[in-house]
**Q** 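Handing you a structure now.
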Amino acid sequence: MPELPEVETVRRQLSPVLEGATITDAKIHDTRLTRPVDPRLVADALVGETIATVGRRGKYLLVRLESGRTLVVHLRMTGSLRYAPAGELPADAHRRAILRLDTGTDIAYRDVRRFGTWELLDEDHLRPYLAARLGPEPLVQSFSSAKLTRLAAGRRAPIKAFLLDQRRIAGIGNIYADEALWRARIHPRRPAGELDETELARLHRAVRAALRKGVELEGSTLREYVTPNGSAGGMQREFHAYGRLGEPCDRCGRPIERIVVGGRGTWFCPHCQRL
DNA sequence: AGGTGGACCCGAACGC
DNA sequence: TGCGTTCGGGTCCACC
């Protein structure tokens with residue numbers, strides 16, 4: 001599942017490939033990708049554009065174009081981007097779009113479950129679009145423990161649901177939520193507003209450490225996700241909690257358990273992370 | 001207002 | 001072996 005570290009990896013690999021290049025051809029095969037906008041409209045608008053920068057906000061990839069418009073890409077669950085010299089990408093039944101660049105590179109978008117989205121927004125719409133959906137970036141300097149405390153104050157939702165809510169903090173998904181809570185030794189069902197200062201300080205460190213580790217290892221490859229150059233991420237080898245039902249806790253040796261919190265599968269250590 | 005649960009999607013894993 | 005069923009997960013939206 002592409003979360004902040006996976007999308008950041010995509011951004012880092014694609015920015016040198018995309019920046020300064022001009023799109024010479026665009027094909028979008030799946031009407032779901034741009035819905036409700038006709039994919040031909042989006043494809044036509046992309047052709048002739050030069051890419052200024054490739055950014056990221058939360059789990060959104062932001063392809064900023066010289067015209068001032070931005071292609072906002074969300075990979076959702078199974079989306080991925082690949083690049084290769086033009087014509088060299090192998091056939092793919094799940095390819096949903098392809099861009100050709102004047103540099104002789106093809107960029108292919110693949111999405112098995114078709115939840116991903118491409119939206120072309122102009123400057124006036126991008127800011128409110130992101131502001132309505134996303135809280136602060138957890139890896140920036142200004143995201144302090146005090147800020148996390150303010151965000152959590154009065155919240156009755158389980159801390160896991162709080163971490164998954166993109167309007168509170170941007171970029172955390174199911175994997176990094178479980179990993180952060182394991183690191184902080186906090187039970188996923190604890191009401192967010194009831195955590196004390198010490199616990200929130202631990203959680204603050206844990207969220208950032210888990211995300212940074214993910215970025216360092218170029219994300220987690222479970223089924224679908226691969227980085228744009230085709231390599232796998234390495235974070236899945238570092239999981240302490242996620243998906244480890246019955247395996248011994250790396251801290252205390254007791255078996256990891258699985259429960260459902262906020263409708264999501266949740267793995268934790270019942271000894272280290274108590275209610 | 002804020003929290004919860006279903007819909008969207010489809011391949012993999014599972015059960016008989 | 002083969003078929004049907006269940007599961008999952010990010011976000012949006014309807015419903016308490």
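All chains are named by letter (A, B, ...) in the order of the sequence lines, taking the proteins before the strands, and each is independently numbered beginning at 1.
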**Q** Determine whether the aromatic ring centres of residues A:F239 and A:W182 are separated by less than 6.0 angstrom.
**A**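 No - the distance between ring centres of A:W182 and A:F239 does not fall below the 6.0 Å cut-off.
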
**Q** Between A:R95 and A:D30 (salt bridge meaning N to carboxylate O under 4.0 Å), is one present in this structure?
**A**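 No salt bridge links A:R95 with A:D30.
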
**Q** Might you work through the salt bridge (Lys or Arg N to Asp or Glu O under 4.0 Å) test for A:R96 and A:D111, ending with a clear yes or no?
**A** CA-CA 7 Å; A:R96 310 299 180 193; A:D111 191 350; 5.8 Å; no

**Q** Can you figure out which of B:dC9, B:dC10, B:dG3 approaches the side chain of A:V112 most closely?
**A**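 It is B:dC10.
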
**Q** Quickly work out the A:D111 CG to B:dC9 P distance and round it to whole Å.
**A**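 So the two atoms are 12 Å apart, to the nearest Å.
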
**Q** Using atom CZ of A:R114 as one end and atom P of B:dC10 as the other, report the distance to the nearest whole Å.
**A**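 About 5 Å, once rounded to whole Å.
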
**Q** Taking A:E199 first and then A:R190, would you say they form a salt bridge - that is, a charged N and a carboxylate O separated by under 4.0 Å?
**A**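 Yes.
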
**Q** One thing to verify: whether A:E123 and A:R69 come together as a salt bridge, which I'm taking to mean a side-chain N less than 4.0 angstrom from a carboxylate O.
**A**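 Salt bridge flag = no for A:E123 with A:R69.
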
**Q** Got a salt bridge between A:E194 and A:R156, using NZ or NE/NH1/NH2 to carboxylate O under 4.0 Å?
**A**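 No, no charged N to carboxylate O under 4.0 Å.
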
**Q** Does A:D38 come within less than 4.0 Å of A:R40, counting only side-chain N to carboxylate O?
**A**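 Salt bridge present between A:D38 and A:R40.
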
**Q** Between the two ends of the helix from B:dG2-C:dC16 to B:dC16-C:dG2, what is the bend in degrees, rounded to 10 degrees, where each end axis spans five pairs?
**A**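 Nearest ten degrees gives 60° for this helix.
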
**Q** So if I define the base as every atom that isn't primed, P, OP1 or OP2, how would nucleotides 6-12 of chain C read as a B/S/- string at a heavy-atom cutoff under 4.0 Å?
**A** --BBBBS

**Q** Starting at atom CG of A:D30, determine the distance to atom P of B:dC9, rounded to an integer number of angstrom.
**A**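 Value for this atom pair: 10 Å.
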
**Q** Nearest whole Å is fine: how far is B:dG2 P from A:D165 CG?
**A**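 Spelled out: CG on A:D165 to P on B:dG2 is 11 Å.
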
**Q** Taking C-beta and beyond as the side chain, do A:P255 and A:P248 meet within less than 4.5 Å on heavy atoms?
**A**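 The answer is no, as the side chains (C-beta and beyond) never meet within the 4.5 Å cut-off.
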
